[in-house]
Amino acid sequence: MIKLKSLLSEKYLGFGIGQGKVKEQQLPDASATDIMQGLDRDPATGQLNSKQKELTLDQLKFDELTKIFPKYYNDVHFTRMQPDGKEGPYYRDALAFPTPSDASSVIGDMEALEDWKDQTKRRFGNVTIILDPDAENSWDMVKVEDDKFSQSKAQSDKAKMDTLRSWGTTT
């Protein structure tokens with residue numbers, strides 16, 4: 001516990017020895033997207049902390065996804081033809097990826113991932129994806145870092161809330 005006397009000393013108030021010699025460091029501001037999505041970045045470098053991985057849509061591959069999330073993609077539900085022309089598994093314990101609405105898309109195999117990537121890329125371009133295997137909630141494990149995507153999601157949420165209000169189901 002810091003004593004009140006030390007908090008009020010001249011050194012801490014800037015009147016004592018070393019006054020004026022402290023360099024201020026300009027830290028990068030957190031983007032609105034980072035704040036909304038709860039991304040954990042190092043303020044000095046702007047790099048993601050922990051095991052979070054940042055990729056573009058074009059860089060995101062299903063094989064890498066299964067390696068990043070070892071707790072998922074273990075329970076094979078069935079197999080089907082994949083975009084690479086080979087038979088591949090569809091996983092029952094798959095992750096859900098965000099969509100610009102309040103919904104999500106379950107990505108159980110390579111085909112589902114490629115479909116989600118195509119739909120997202122058509123609307124928003126080659127956006128940045130944040131993968132966080134340490135996130136507490138499954139809906140926080142995959143995030144799209146794009147202001148247009150976030151704005152579209154917010155507009156969708158607002159439209160749903162307005163509809164519920166018009167029906168008289170919210171206060």
Side-chain angles (χ1 to χ4, degrees), residues 27-164 169-170:
L27 298 176
D29 293 331
S31 73
T33 304
D34 284 358
I35 293 169
M36 284 176 44
Q37 295 183 347
L39 295 178
D40 181 23
R41 292 189 186 270
D42 181 339
T45 64
Q47 297 296 317
L48 292 170
N49 292 325
S50 75
K51 294 180 184 174
Q52 292 178 343
K53 185 154 183 154
E54 188 171 317
L55 305 160
T56 64
L57 273 180
D58 290 339
Q59 294 171 326
L60 184 60
K61 304 292 180 213
F62 187 72
D63 292 337
E64 188 170 354
L65 187 66
T66 60
K67 290 175 189 169
I68 292 172
F69 295 99
K71 294 178 185 174
Y72 293 85
Y73 300 102
N74 296 307
D75 186 11
V76 176
H77 186 52
F78 58 86
T79 60
R80 67 179 177 174
M81 192 61 67
Q82 299 300 320
D84 62 1
K86 299 175 185 171
E87 189 83 8
Y90 184 93
Y91 294 94
R92 188 184 315 253
D93 58 342
L95 284 175
F97 278 42
T99 63
S101 66
D102 194 28
S104 60
S105 294
V106 175
I107 306 301
D109 66 354
M110 186 187 304
E111 185 173 331
L113 177 64
E114 293 303 319
D115 288 346
W116 180 84
K117 285 170 49 176
D118 288 343
Q119 291 173 4
T120 304
K121 193 171 184 179
R122 257 188 270 125
R123 256 185 102 180
F124 304 102
N126 192 22
V127 296
T128 301
I129 307 299
I130 308 291
L131 304 174
D132 185 3
D134 295 334
E136 285 186 33
N137 301 308
S138 61
W139 58 85
D140 289 331
M141 291 183 175
V142 180
K143 297 177 183 176
V144 176
E145 188 174 83
D146 181 70
D147 290 335
K148 288 194 306 186
F149 186 92
S150 298
Q151 184 180 9
S152 179
K153 195 170 183 97
Q155 287 173 342
S156 175
D157 290 345
K158 183 183 179 313
K160 287 178 184 181
M161 185 56 75
D162 290 346
T163 301
L164 289 173
T169 58
T170 63

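Worth saying up front: this structure is predicted, and the values here are computed from it rather than measured. Just the heavy atoms: all of them, side chains too, but no hydrogens, waters or symmetry mates, feed the values below.
- Listed by first and then second residue, the ring-ring contact (aromatic ring centres under 6.0 Å, His included) pairs that reach into residues 117-140 are F124-F149, sequence neighbours excluded.
- In terms of heavy-atom proximity, K153 sits nearest to P98 at NZ-CB, 4.1 Å.
- By the 4.5 Å heavy-atom criterion applied to side chains, E54 and Q59 are not counted as neighbours.
- A donor-acceptor distance shorter than 3.5 angstrom exists from the side chain of Q82 to the backbone of E111, with no hydrogens or angles considered.
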Test T128 against D146 for side chain to side chain contact (heavy atoms under 4.5 Å, CB included), laying out the working first. CA-CA 7 Å; T128 301; D146 181 70; over 6 Å; no

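- The CG atom of D140 sits 12.5 Å away from the CD1 atom of I130 when rounded to the nearest 0.5 Å.
- Screening residues 99-121 for ring-ring contact (aromatic ring centres under 6.0 Å, His included) gives F97-W116 as the qualifying pairs, with residues at least two apart or on separate chains.
- From R122, atom CZ reaches atom CG of D118 across 6.0 Å, with rounding to the nearest 0.5 Å.
- Residues P100 and R123 come closest through the heavy atom pair CG-NH1, 3.3 Å.
- Shown here are the side chain to side chain donor-acceptor pair (under 3.5 Å) partners of D84, two or more places apart in sequence or in another chain: there are none.
- With rounding to the nearest 0.5 Å, the separation of CZ in R92 from CG in N74 is 13.0 Å.
- Shown here are the salt bridge (charged side-chain N to carboxylate O under 4.0 Å, His left out) partners of D162, two or more places apart in sequence or in another chain: K158, R165.
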Assess the residue pair L113 and I107 against the criterion (side chain to side chain contact (heavy atoms under 4.5 Å, CB included)); give the C-alpha distance rounded to whole Å, side-chain angles, the decisive distance to 0.1 Å, and a yes or no. CA-CA 5 Å; L113 177 64; I107 306 301; 3.5 Å; yes

Could you walk me through whether D58 and K121 satisfy the side chain to side chain contact (heavy atoms under 4.5 Å, CB included) test, starting with their C-alpha distance in whole Å, then the side-chain angles of each, then the deciding distance to 0.1 Å, before giving a yes or no? CA-CA 9 Å; D58 290 339; K121 193 171 184 179; 2.6 Å; yes

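- Nearest heavy atoms, A94 versus G108: CB-CA, 3.5 Å.
- Looking at heavy atoms from C-beta onward, D109 lies out of side-chain contact with Y91 at the 4.5 angstrom threshold.
- Residues meeting the side chain to side chain donor-acceptor pair (under 3.5 Å) test with E87, sequence neighbours left out: T79.
- The main-chain N or O of A159 is found under 3.5 Å from a side-chain atom of T163 such that the two form a donor-acceptor pair.
- Remark: E114 CD to L57 CG distance equals 9.5 Å, nearest 0.5 Å.
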Could you go through the side chain to side chain contact (heavy atoms under 4.5 Å, CB included) check for T56 and I129 one step at a time? CA-CA 6 Å; T56 64; I129 307 299; over 6 Å; no

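- Between L131 and P133, the shortest heavy-atom contact is O-CD, 3.7 Å.
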Can I get a per-line list of side-chain donor-acceptor pairs under 3.5 Å for residues 64-72, giving both atom names and the distance, sequence neighbours left out?
residue	atom	partner	partner atom	Å
E64	OE2	K53	NZ	2.8
T66	OG1	D63	O	2.7

